[in-house]
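Treat the numbers as computed from the prediction; the structure is a model and nothing was measured. Read the numbers this way: they start at 1 and go in the same order the structure lists the ligands and their atoms.
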Amino acid sequence: MHAANQTIYALSSGSLPAGVAVIRICGRNALHAVEALIGFLPPARQAALKTIRTRNGLILDRGLVLIFPGPGSFTGEDCAEIQVHGGKAVVSALLAELESFDDCRLAEHGEFSRRALENGKMDLVEVEGLADLIGAETEMQRRLAIEHAAGGLSDLYEGWADRLTRARALIEAELDFADEDDVPGSVSDLVWRDMERLRSELSVHLAGAAFGEIVRDGLRVVIAGPPNAGKSSLINALAKREVAIVTDIAGTTRDVLHVDLNIEGYAVRLYDTAGLRETEEIVEREGIRRALKTVADADLVLSLAEIGHVAQTDFPGFSGKVLTLGTKADIADAATDADYDLLISSISGAGLRQLHQLILADLQERSASLSLALPSRLRHRNLLSQSLQALVAALESEDHGLDIRAEYLRQSGNSLGRITGRVDVEDLLDVIFSEFCIGK
Ligand SMILES: Nc1nc2c(ncn2[C@@H]2O[C@H](COP(=O)(O)OP(=O)(O)OP(=O)(O)O)[C@@H](O)[C@H]2O)c(=O)[nH]1
Ligand SMILES: [K+]
Ligand SMILES: [Mg+2]
């Protein structure tokens with residue numbers, strides 16, 4: 001039987017042992033399997049507490065059974081969920097029993113969601129949002145993901161795609177009547193005025209992509225500065241654990257290290273790097289090369305220097321914001337000419353709370369609005385800019401025929417359709433679903 005017609009099952013809850021384990025079963029044999037396991041079919045969407053048995057009559061466990069007949073289910077097919085005690089042997093016995101039913105097999109990564117997509121229960125943005133929701137570790141990641149998973153973004157894109165389609169239809173109608181005098185020219189004016197508005201809505205939305213990606217992937221904050229400035233001590237102090245080796249030998253750190261922090265609900269990825277200086281030592285030189293590359297990709301650089309020394313403010317290939325931090329405030333002389341955004345001590349903890357606040361302020365400056373209905377992946381950003389480019393081409397090619405301008409509008413709508421998956425995205429699906437865990 002074709003893989004897509006098979007009944008699939010998996011442990012959908014977390015790692016065992018646990019209080020409860022949830023096993024999900026979807027496909028044409030799902031209800032048949034439930035009936036065989038508990039001896040009858042409970043009413044749809046109502047939990048039934050039942051003894052679950054093998055077909056040889058052996059008791060597997062007692063648990064809650066729920067059925068969701070298609071199409072009113074997660075995947076749109078007949079589905080069931082069985083809640084049993086979360087023991088390893090309990091779950092493997094139940095999975096082994098399911099294996100023995102006709103055309104039943106273990107689900108692959110993301111296969112339930114993939115079927116939901118194929119059966120029109122979710123679109124691509126919602127599926128990506130669901131993956132992000134499961135992966136979310138901070139409050140802002142959760143808010144962004146739920147916006148996507150709940151269809152807020154999809155509605156926006158579909159609304160825009162509909163406006164593009166309507167505009168094309170009106171233009172094509174105008175083309176059909178081109179020889180007749182009774183076509184009101186104002187129809188065309190209305191269309192282009194709306195497309196002008198759409199251009200600015202798309203631009204504003206696209207401008208939020210950088211922040212959306214930062215919320216999803218974390219703000220990249222890189223600690224840089226000369227050897228012994230106290231970079232590794234700072235990452236350890238902020239992470240509250242010994243991530244990096246600290247010694248008084250200049251040139252201790254060679255590899256780039258990172259830790260993930262949660263600052264007021266925002267994900268922040270903090271990097272420690274090798275001290276920057278001229279050196280002939282081969283390993284250290286490689287460390288410095290990596291440090292500079294990491295700085296170039298940063299969102300924000302913390303440039304450290306011991307109090308009394310000038311902190312570097314320009315880094316090759318980096319044009320973003322640099323915060324200068326004077327370090328070792330606990331042992332510094334009071335008077336110094338050098339100027340810093342903040343004084344810190346990783347040993348006494350002085351200035352660390354203010355550093356949090358400065359990083360938070362940087363994040364808040366980047367968020368133009370309070371809404372998190374933002375694109376959050378490079379895939380979204382690329383397709384949105386393609387859509388915008390085609391729309392701009394349509395608006396700015398007044399010298400061309402209406403047929404060419406309508407074709408640009410079609411391209412613009414197609415790019416939007418690829419975001420939600422209404423337009424051919426087959427090639428993308430394997431990539432997207434490989435991110436999922438089994439059981440989702
Ligand atoms: N008193 C004091 N000493 C500090 C402080 N921060 C770091 N140090 C000391 O400064 C020395 C160098 O610290 P590191 O954190 O290894 O400095 P680094 O910038 O990572 O050095 P490299 O990895 O070699 O580039 C160590 O002996 C630390 O204990 C501080 O806030 N106060
Ligand atoms: K050091
Ligand atoms: Mg170091």
Side-chain angles (χ1 to χ4, degrees), residues 218-263 268-318 320-362:
L219 184 78
R220 295 166 58 93
V221 179
V222 179
I223 306 174
N228 277 350
K231 300 181 296 299
S232 301
S233 303
L234 177 60
I235 201 172
N236 289 350
L238 292 175
K240 300 193 177 82
R241 58 193 168 92
E242 303 297 307
V243 192
I245 298 172
V246 169
T247 75
D248 57 6
I249 301 164
T252 301
T253 304
R254 305 294 173 90
D255 289 315
V256 177
L257 299 176
H258 71 254
V259 292
D260 290 325
L261 304 178
N262 180 340
I263 295 189
V268 171
R269 181 160 279 193
L270 184 68
Y271 293 81
D272 179 27
T273 60
L276 304 173
R277 66 169 166 182
E278 294 294 326
T279 173
E280 293 304 316
E281 215 266 298
I282 295 174
V283 183
E284 193 178 357
R285 278 174 80 108
E286 176 59 18
I288 291 169
R289 190 189 68 78
R290 292 181 189 203
L292 290 172
K293 185 172 178 301
T294 312
V295 167
D297 292 339
D299 296 313
L300 174 68
V301 171
L302 306 181
S303 176
L304 273 55
E306 256 184 66
I307 294 172
H309 297 256
V310 176
Q312 188 172 340
T313 49
D314 286 311
F315 294 87
F318 179 71
K321 184 145 118 200
V322 175
L323 285 178
T324 56
L325 306 186
T327 62
K328 312 189 188 179
D330 53 306
I331 52 166
D333 290 337
T336 168
D337 289 341
D339 198 15
Y340 312 95
D341 292 312
L342 185 68
L343 300 182
I344 61 162
S345 165
S346 300
I347 292 198
S348 74
L352 298 187
R353 218 168 36 83
Q354 290 88 327
L355 181 55
H356 263 134
Q357 292 308 316
L358 286 177
I359 295 173
L360 182 63
D362 177 81

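Interface atoms of ligand 1 facing Gly251, defined by a heavy-atom separation under 4.0 Å, are 24 (O). Listed by atom number, the atoms of ligand 1 under 4.0 Å from Gly275 heavy atoms are 25 (O). Of all the atoms in ligand 1, the ones that sit under 4.0 Å from a non-hydrogen atom of Ser345 are 31 (O). Contact atoms of ligand 1 toward Ala229: 19 (O) (distance under 4.0 Å to a heavy atom of the residue). Heavy-atom contacts of Ser233 reach the following atoms of ligand 1: 6 (N), 7 (C), 13 (O), 14 (P), 15 (O), 28 (C) (cutoff under 4.0 Å).
At a cut-off of 3.4 Å, Thr253 is not counted among the residues with an N, O or S atom near the K ion (ligand 2). In summary, an N, O or S atom of Thr247 is located under 3.4 Å from the K ion (ligand 2).
Scanning for salt bridge (Lys or Arg N to Asp or Glu O under 4.0 Å) contacts around Asp341 gives an empty result, with sequence neighbours left out. Remark: Arg254 pairs with Glu281 by the salt bridge (Lys or Arg N to Asp or Glu O under 4.0 Å) rule, at least two apart or across chains. In this view, Asp330 satisfies the salt bridge (Lys or Arg N to Asp or Glu O under 4.0 Å) rule with no residue, not counting sequence neighbours.
Distances from atom 17 (O) of ligand 1 to the heavy atoms of Gly230, Gly351, Ala244 put Gly230 nearest. When Glu284, Lys231, Arg254 are ranked by how near their heavy atoms come to atom 19 (O) of ligand 1, first place goes to Lys231. The option with the heavy atom closest to atom 27 (O) of ligand 1, from among Ile249, Asp272, Asp248, is Asp248. Between the choices Ile347, Thr327, Leu352, the shortest heavy-atom distance to atom 2 (C) of ligand 1 belongs to Ile347. Compare Leu276, Thr247, Leu304, Thr252 by their heavy atoms: the one nearest to atom 16 (O) of ligand 1 is in Thr247.
One finds no salt bridge joining Asp272 and Lys231 here, because no Lys/Arg side-chain nitrogen approaches an Asp/Glu carboxylate oxygen to under 4.0 Å.
By the criterion of a separation under 2.8 Å, the protein N/O/S atoms near the Mg ion (ligand 3) amount to Ser232 OG, Thr253 OG1.
Inter-residue side-chain proximity for Leu304 and Thr324 is flagged as unmet; no heavy-atom pair is nearer than 4.5 Å. Within the 4.5 Å cutoff, the side chain of Thr252 has no heavy atoms near those of the Val246 side chain. For the pair Asn236 and Ser346, the minimum side-chain heavy-atom distance is 4.5 Å or more. Inter-residue side-chain proximity for Ile307 and Lys328 is flagged as unmet; no heavy-atom pair is nearer than 4.5 Å. Within the 4.5 Å cutoff, no side-chain heavy atoms of Leu300 are placed close to those of Val222. Side-chain contact between Val259 and Ile235 is present, with heavy atoms from C-beta onward closer than 4.5 Å. With contacts defined as side-chain heavy-atom distances shorter than 4.5 Å, the pair Leu325/Tyr340 does not qualify. The shortest side-chain heavy-atom distance between Val268 and Ile359 falls under the 4.5 Å cut-off.
Counting heavy-atom neighbours within 6.0 Å of Lys293 NZ, excluding the residue itself, gives a total of 12 or less.
Nearest protein heavy-atom neighbour of atom 21 (O) of ligand 1: Asn228 N, 3.0 Å. Looking from atom 23 (O) of ligand 1 to the surrounding protein, the closest heavy atom is Thr253 OG1, 2.8 Å. Closest protein heavy atom to atom 31 (O) of ligand 1: Ser346 N, 2.9 Å. The protein heavy-atom contact nearest to atom 28 (C) of ligand 1 is Val246 CG1, 3.7 Å. Among protein heavy atoms, atom 5 (C) of ligand 1 sits closest to Lys328 CG, 3.6 Å.
A donor-acceptor pair is defined here as one N or O able to donate and one able to accept, closer than 3.5 Å; no such pair exists between the side chain of Ser303 and the backbone of Val322.
Only backbone heavy atoms of Ala250 (N, CA, C or O) come within less than 4.0 Å of ligand 1; its side chain stays farther off. Heavy atoms of Leu234 found under 4.0 angstrom from ligand 1: none, in either backbone or side chain. Residue contacts with ligand 1, taken as heavy atom pairs separated by less than 4.0 Å, involve Asp330 solely via side-chain atoms from C-beta onward.
For Asn228 atom OD1 and Ile249 atom O, the angle they make at the K ion (ligand 2) is roughly 80°, to 10 degrees.
Across all non-hydrogen atoms, the minimal contact from Phe315 to Ala224 is CE2-CB, 3.9 Å.
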TODO: For the pair Thr294 and Thr273, evaluate side chain to side chain donor-acceptor pair (under 3.5 Å) and give the outcome as yes or no after the intermediate values.
DONE: CA-CA 8 Å; Thr294 312; Thr273 60; over 6 Å; no
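Residue Ile331 places a heavy atom under 4.0 Å from ligand 1. Residue contacts with ligand 1 leave out Asn236, since none of its heavy atoms falls under 4.0 Å from the ligand.
Distance check, rounded to the nearest 0.5 Å: CD1 of Ile347 to CD1 of Ile331 gives 7.5 Å. Atom CG of Leu238 is separated from atom CD1 of Ile344 by 7.5 Å, given to the nearest 0.5 angstrom.
At a 3.5 angstrom cut-off on N or O pairs, Ile245 does not count as close to ligand 1.
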